[in-house]
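Have a look at the structure below, then the notes.
Whatever order the structure lists ligands and atoms in, that order sets their numbers, starting from 1.
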Amino acid sequence: MKEPPRDRLYAGDMLPGDFVFDEKVAAVFEDMIHRSVPGYTTIIAMTARLAEKNFQPGSRIYDLGCSLGAASLAVARRMQGRPCEIVAVDNSRPMLDGLEKKLAALGGGPVQCRQEDIRDCAVEIASVVILNFTLQFIPPADRAPLLRRIHDGMMPGGILILSEKIVLGDARLNELYIEMYHQFKQDMGYSEMEISRKRAALEKVLLPETLAVHKARLAEAGFESAEQWFQCFNFASMVARKRDGR
Ligand code: GEK
């Protein structure tokens, strides 16, 4: 298969402003996210497994902040033709154009795209909600109401998969994890200049929190339990479950 175009956005002379999900980012996003999120391939594969195991017939699967739809497409493949409805939501038109192109190449399937702000999008009869690396871009004050709405739109026993860049409570360990992360990016072929420019561009846009803050907010939103199932340095994924009434 053809290699996706390589992310060289911060390799040139251009001084970056705040990071936005525009055409330039969408065009290289596949390469960017694989080289920028340690464990991304595992997270997508396990998201699909979790979705398949927890899907309830007649319900919906939501992928909020779907970008090019990696999770939605992996879930669709994993469902192997079982009837299901996968709702992929993003507010970036260039990202959804990319996903729509992929869907057209597949000749259809269970994924429907919606261009919407996830803070406004209706979540209904959901047994699985995927929120992979997107809550971190939502203004902190809007995060609790969003999680509450997601919770309320879920079926009893439904799960939320939440993946995020995180910070650690301990400043020294936090520094170490960031160093290890920058090493990972260098190992993936990014130069020190690209790493520092990207960091500056994300500074006011991507606001990470500790796992403790995430877990407390999930509990406040009504989830019965939330556990972390994956972590590689400052990237983690959690699964939260809505009470199933048993
Ligand atoms: C993946 N989940 O490949 N409403 C809708 N979409 C939004 C909003 C918003 N308010 N804010 C940001 N986005 C994907 C990766 S990327 C993560 C998710 C990253 C969208 C934004 O347009 C982008 O497509 C996505 O959230 C975040 O598993 O780039 O680090």
Checking [X] side chain against [Y] main chain: does a donor-acceptor pair fall under 3.5 Å?
X      : Y      : value
Ser92  : Asp90  : no
His151 : Leu147 : no
Asp31  : Asp7   : yes
Arg143 : Gln136 : yes

Quick check on contacts: which atoms of ligand 1 are under 4.0 angstrom from a heavy atom of [X]?
X      : result
Glu116 : 4 (N), 5 (C)
Ile44  : 28 (O)
Ser92  : 22 (O)
Asn132 : 2 (N), 14 (C), 15 (C), 18 (C), 28 (O)
Thr134 : 18 (C), 25 (C), 26 (O), 27 (C)
Met95  : 24 (O)

Next item on the list: Please determine if Arg241 forms a cation-pi arrangement with Phe223, meaning its NZ or CZ atom is less than 6.0 Å from the six-membered ring centre and no more than 45° off the ring axis.
Entry: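 Judged by the rule, Arg241 and Phe223 form no cation-pi pair.
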Would you call [X] and [Y] a salt bridge, using N to O less than 4.0 angstrom?
X      : Y      : answer
Glu175 : Arg172 : no
Arg60  : Glu124 : yes
Glu30  : Lys102 : yes

Checklist line | Option passing salt bridge (Lys or Arg N to Asp or Glu O under 4.0 Å) with Asp142 (candidates Arg217, Arg119, Arg149, Arg148) | finding: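 Among the candidates, only Arg119 passes.
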Item checked: Of Glu100, Glu23, Glu116, the residue whose pairing with Arg93 passes salt bridge (Lys or Arg N to Asp or Glu O under 4.0 Å) ->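 Option passing the salt bridge (Lys or Arg N to Asp or Glu O under 4.0 Å) with Arg93: Glu100.
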To which protein heavy atom is [atom] closest, and what is the distance rounded to 0.1 Å?
atom                    : result
atom 10 (N) of ligand 1 : Asp117 OD1, 3.0 Å
atom 3 (O) of ligand 1  : Tyr40 OH, 2.6 Å
atom 4 (N) of ligand 1  : Ile118 N, 2.9 Å
atom 16 (S) of ligand 1 : Ser67 OG, 3.2 Å
atom 14 (C) of ligand 1 : Gly65 O, 3.4 Å
atom 17 (C) of ligand 1 : Phe133 O, 3.0 Å
atom 19 (C) of ligand 1 : Phe137 CE1, 3.6 Å

Next item on the list: Step through the shown structure and confirm whether more than 12 heavy atoms of other residues, nucleotides or ligands are within 6.0 Å of CZ on Arg8.
Entry: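 Atom CZ in Arg8 is not crowded, with 12 or fewer foreign heavy atoms closer than 6.0 Å.
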Next item on the list: Closest by any non-hydrogen atom to atom 7 (C) of ligand 1: pick that one out of Asn91, Ile33, Val89.
Entry: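 The nearest heavy atom belongs to Asn91.
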Notebook entry, point to check: Any idea which of Leu73, Leu64, Asp90 brings a heavy atom closest to atom 22 (O) of ligand 1?
Noted result: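 The residue whose heavy atom sits nearest atom 22 (O) of ligand 1 is Asp90.
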Next item on the list: Tell me which part of Ile43 gets within contact of ligand 1: side chain, backbone, both or neither, using heavy atoms under 4.0 Å.
Entry: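 For Ile43, there is no contact with ligand 1 at all, from either part.
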Notebook entry, point to check: Heavy-atom contacts under 4.0 Å between Leu206 and ligand 1: side chain, backbone, both, or neither?
Noted result: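 The answer is neither; Leu206 stays 4.0 Å or more away.
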Notebook entry, point to check: Does Ile130 come within less than 4.0 angstrom of ligand 1, counting non-hydrogen atoms of the residue?
Noted result: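 No, that is not the case, since the closest heavy atom of the residue is not under 4.0 Å from the ligand.
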Check: Gln136: heavy atom below 4.0 Å from ligand 1, yes or no?
Finding: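 Yes, that is the case, since the closest heavy atom of the residue is under 4.0 Å from the ligand.
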Notebook entry, point to check: Quick one: are the ring centres of Tyr181 and Phe235 less than 6.0 Å apart?
Noted result: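 Yes; Phe235 has its ring centre under 6.0 Å from that of Tyr181.
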